[in-house]
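Below is one structure, written out as structure tokens, with a few remarks after it.
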Amino acid sequence: MIRLFIFAIVTLALGWGFSWLADRPGLIAITWQDQLIETSIMVAATALVALIGAVMFVWWLIQTIWTSPHSVRRFFRARKRDRGYQALSTGLIAAGAGNALLARKMTARARGLLRADQEPLIHLLEAQTALIEGRHEEAREKFERMADDPETRELGLRGLYMEARRLGANEAARQYAEAAVENAPYLPWAAEATLEYRSQSARWEEAIRLLDQQKVANVIERKRADRLKAVLLTARATERLEGDPKGAKDDANAALKLAKDLVPAGIIAAKAYLREDNLRKAANVLEGLWKHQPHPDVGMLYLRARPGDSAADRMLRAERLEKLKPNNPESLLIMAQAALDKQDFKLAREKAQAALRMDPREGIYLLLADIEDAETGDQGRIRHWMAQAVRAPRDQAWVADGFVSDHWLPVSPVTGRLDAFEWKRPFGQLEGPVEEGTVAAETAIANLPPVIAQSSTGEQAPEPEPSTVSSAIKPAPQKPVKLEVIQPSAASPAHSKPSTPPVEEIKAPDPFNGRPPDDPGVKDETTSTSSATRLRLF
């Protein structure tokens with residue numbers, strides 16, 4: 001473009017010059033060796049320009065002839081180089097595709113056409129060919145030589161890092177990654193690996209500093225960087241909570257600003273405020289976190305934030321949480337737990353069953369069993385809820401790479417990945433069938449056995465319900481039947497028939513009725529009947 005512009009400027013200048021001379025005619029006389037030469041200015045100017053052009057052409061022709069041997073050599077050298085780069089490109093593609101035969105062939109061709117000291121990619125091709133052929137020792141030697149060369153240091157360190165990871169040499173992999181970060185902190189793989197290693201060794205200060213460098217260099221996107229920094233700040237706050245509550249509070253609040261839904265950060269901040277006896281700020285933190293993500297740990301800390309509170313006080317706080325997040329299973333569960341502590345069994349059962357209809361899971365069934373145990377003590381109803389809990393889906397927990405933890409951790413203990421734990425339902429924990437959905441919850445509530453009342457003799461008896469004899473004879477699942485022993489009259493001999501109309505002797509239904517023999521609602525038939533007695537159902 002610049003040359004074209006210069007050519008246009010020169011052409012315009014020549015045209016303007018000839019035009020200027022044409023407007024001012026004149027003669028030029030030259031006397032040379034008694035010869036007088038006269039010509040016009042235009043002819044003289046044209047001859048001068050033509051002479052300059054001829055001289056330039058002759059000079060170019062002489063230069064071309066003089067440098068032709070070098071030009072020929074350069075032509076063949078360029079052709080050889082192009083063939084070498086073509087072989088190198090084909091070899092890299094073959095190595096990436098796993099074609100060891102073609103990769104080895106192209107390696108030999110590229111080395112014959114190119115000089116390895118001038119083209120470092122030949123070392124990479126040789127190392128990749130050795131890897132796909134299983135010659136790992138040779139590949140590591142290639143990578144080590146590349147790591148010693150400043151031009152290929154980063155490539156060699158990455159190859160050594162990958163080989164160390166393959167062999168399980170985590171310490172060597174960490175050293176290679178940190179060496180790469182020192183020379184090039186903008187490398188994503190090295191920065192990410194170093195960040196994970198520093199997090200695994202609880203070097204939170206160095207990890208946060210490295211993350212800030214990545215953020216400035218735009219190696220990691222801003223949203224992801226904020227999330228990881230919040231996790232690192234939360235991890236540091238967890239360690240500082242016991243010895244430095246103020247520092248833990250600052251770290252947790254900074255983490256909450258970066259990730260408002262990070263539950264562990266909010267819990268640490270609230271605990272730090274509670275250590276300072278600042279109940280109001282702790283409640284504000286927990287309430288704000290509850291609005292973003294209702295979590296059982298947040299609810300329990302909110303309810304028991306102040307030791308010594310009565311069950312009625314905890315009930316008021318549970319109502320506050322339910323107002324903040326209505327129609328939510330966690331809010332209903334918190335209400336049910338607070339009502340159980342207050343001995344308000346009716347409200348506890350209503351809230352628990354409402355949560356069960358929204359999210360049937362193991363913990364809700366167990367809570368219903370606790371309510372039943374505290375209110376009635378009926379073993380049949382308790383076992384009913386326990387049986388449902390066995391078949392129900394598991395409660396949510398902190399899960400990372402298949403590992404289930406009862407508390408949050410910043411790093412996965414399986415892979416070492418940062419921010420790996422998620423609050424979700426674990427899979428693969430049950431071997432038997434799992435019943436899910438609201439239909440299972442409605443069925444469990446509908447099939448709940450009736451309460452077994454205590455009789456005056458201390459034995460459990462069913463609550464009286466009006467029914468006909470035919471309906472009583474018809475067996476119903478999980479419905480106890482009372483048996484009464486009718487002794488023969490003293491005035492009549494045992495062998496005589498009674499004066500009253502005979503009652504048809506019927507076979508008693510299964511007394512266990514789906515319950516184990518040690519159930520208090522089961523009556524031992526062998527001790528209550530004899531050969532001279534008859535059975536009547538009421």
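Just so you know, these numbers come straight off a predicted model, no measurement behind them. What's counted below: heavy atoms across the whole structure, side chains too, no hydrogens, waters or symmetry copies.
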Assess whether a salt bridge exists between [X] and [Y], defined as any Lys/Arg side-chain N lying under 4.0 Å from an Asp/Glu carboxylate O.
{"X": "E178", "Y": "R203", "answer": "yes"}
{"X": "D212", "Y": "K229", "answer": "yes"}
{"X": "D313", "Y": "R306", "answer": "no"}
{"X": "E287", "Y": "R280", "answer": "no"}

[X] (side chain) donor-acceptor with [Y] (main chain) under 3.5 angstrom:
{"X": "R275", "Y": "P245", "answer": "no"}
{"X": "S405", "Y": "W398", "answer": "no"}
{"X": "N253", "Y": "K249", "answer": "yes"}
{"X": "Q128", "Y": "A95", "answer": "no"}
{"X": "R381", "Y": "P449", "answer": "yes"}
{"X": "W290", "Y": "L321", "answer": "yes"}
{"X": "R236", "Y": "E205", "answer": "no"}

(request) Hey, can you tell me if W385 and Y365 have their rings parallel, tilted or perpendicular (30° and 60° cut-offs)? (result) tilted
(message) Could you tell me if E239 and W204 have a donor-acceptor pair between their side chains, going purely by distance under 3.5 Å?
(response) yes
(request) Quick one: pull up CG in L195 and CG in D419 and give me the separation to the nearest 0.5 Å. (result) 10.5 Å
(request) To the nearest 0.5 Å, tell me how far Y273 OH sits from L279 CG. (result) 12.5 Å
(message) Among R425, R391, R394, exactly one meets salt bridge (Lys or Arg N to Asp or Glu O under 4.0 Å) together with E362. Which residue is that?
(response) R394
(message) Which heavy atom of A270 sits nearest to which heavy atom of A282, and what is that distance?
(response) O-CB, 3.7 Å
(request) State, to 0.1 Å, how close V231 and L262 come at their nearest heavy-atom pair, and which atoms those are. (result) N-CD2, 4.2 Å
